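Here's the structure, in structure tokens; my notes come after.
Excluded from the calculations below are hydrogen atoms, water molecules and symmetry mates; all remaining heavy atoms, backbone and side chain alike, are included. Remember, predicted model here, so these are calculated numbers, not experimental data.
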Amino acid sequence: MKNRALALALVSACGFAPQAYSHELAFSKTERIRVIAEGEATTWCKPEVAITMQRPTWDDQKPLNGLLSKLPYILGQECPTAKVTWKAIDAKGAVYASGSGNSTNLGIATLAAAPVQPT
């Protein structure tokens, strides 16, 4: 246990934590949504940007719709010429929705199919 804690402390101190490879574009405290782009703060804006929207659970499409209407404002200012692919995932990494577009229009959300329940 002590070795694991020491390793975590060293990794954090050296800056090799997983967050070093992603950049948080936005965070909604009320909706509990974190928007992450691949890359670091200075390298995430590329011709093709991949965005992940993380939320503990996506039990309602309303928060996603609100986010999809607000993100183009941020992207349009910080990375105006990007082609964007995105996905909305829950805490377990299951995809709730995905889409693609550009920095000013993230496109139409395609909801992932719900698992079929055996009868």
- What pair of heavy atoms forms the shortest contact from E38 to K46, and how long is it? O-NZ, 3.8 Å
- Message: So which atom in L68 and which in P72 form the shortest heavy-atom distance, rounded to 0.1 Å?
- Response: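 Result for this residue pair: O-CD, 3.1 Å.
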- Would you give the length of the straight line joining atom OH of Y96 to atom OG1 of T110, rounded to the nearest 0.5 angstrom?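 OG1 of T110 is found 12.0 Å from OH of Y96.
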- Query: Going from CG on L75 to OG1 on T81, what distance comes out if it is rounded to the nearest 0.5 angstrom?
  - Reply: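 Going from CG on L75 over to OG1 on T81, the span is 11.0 Å.
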- Item | Connected-component partners of I36 among ILVMFWY, side-chain separation under 4.5 Å |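 Members besides I36: none; it forms no cluster.
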- Listed partners of W86 passing ring pair (Phe, Tyr, Trp, His ring centres under 6.0 Å), at least two apart: none
- Item | Main-chain N/O of T85 paired with S100 side-chain donor or acceptor, under 3.5 Å | no
- Which residue pairs satisfy the salt bridge (Lys or Arg N to Asp or Glu O under 4.0 Å) criterion with at least one member in residues 69-88, sequence neighbours excluded?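 Matches after skipping sequence neighbours: none remain.
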- Partner residues of E48 under the side-chain hydrogen bond (donor to acceptor under 3.5 Å, both in side chains) criterion, sequence neighbours left out: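 If we apply the side-chain hydrogen bond (donor to acceptor under 3.5 Å, both in side chains) test to E48, skipping adjacent residues, there are no hits.
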- Note on the structure: Residue set satisfying side-chain hydrogen bond (donor to acceptor under 3.5 Å, both in side chains) with T104, at least two apart, ordered chain then number -> N102
- Item | Q54, CD atom: more than 12 neighbouring heavy atoms under 6.0 Å |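 Counting other residues, nucleotides and ligands, CD of Q54 exceeds 12 neighbours.
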- Item | Min side-chain heavy-atom separation W44-C79 under 4.5 Å |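 Yes, their side chains come closer than 4.5 Å.
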- Query: What pairs with F27 under side chain to side chain contact (heavy atoms under 4.5 Å, CB included), at least two apart in sequence or on another chain?
  - Reply: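 Residues passing side chain to side chain contact (heavy atoms under 4.5 Å, CB included) with F27: E24, K29, R34.
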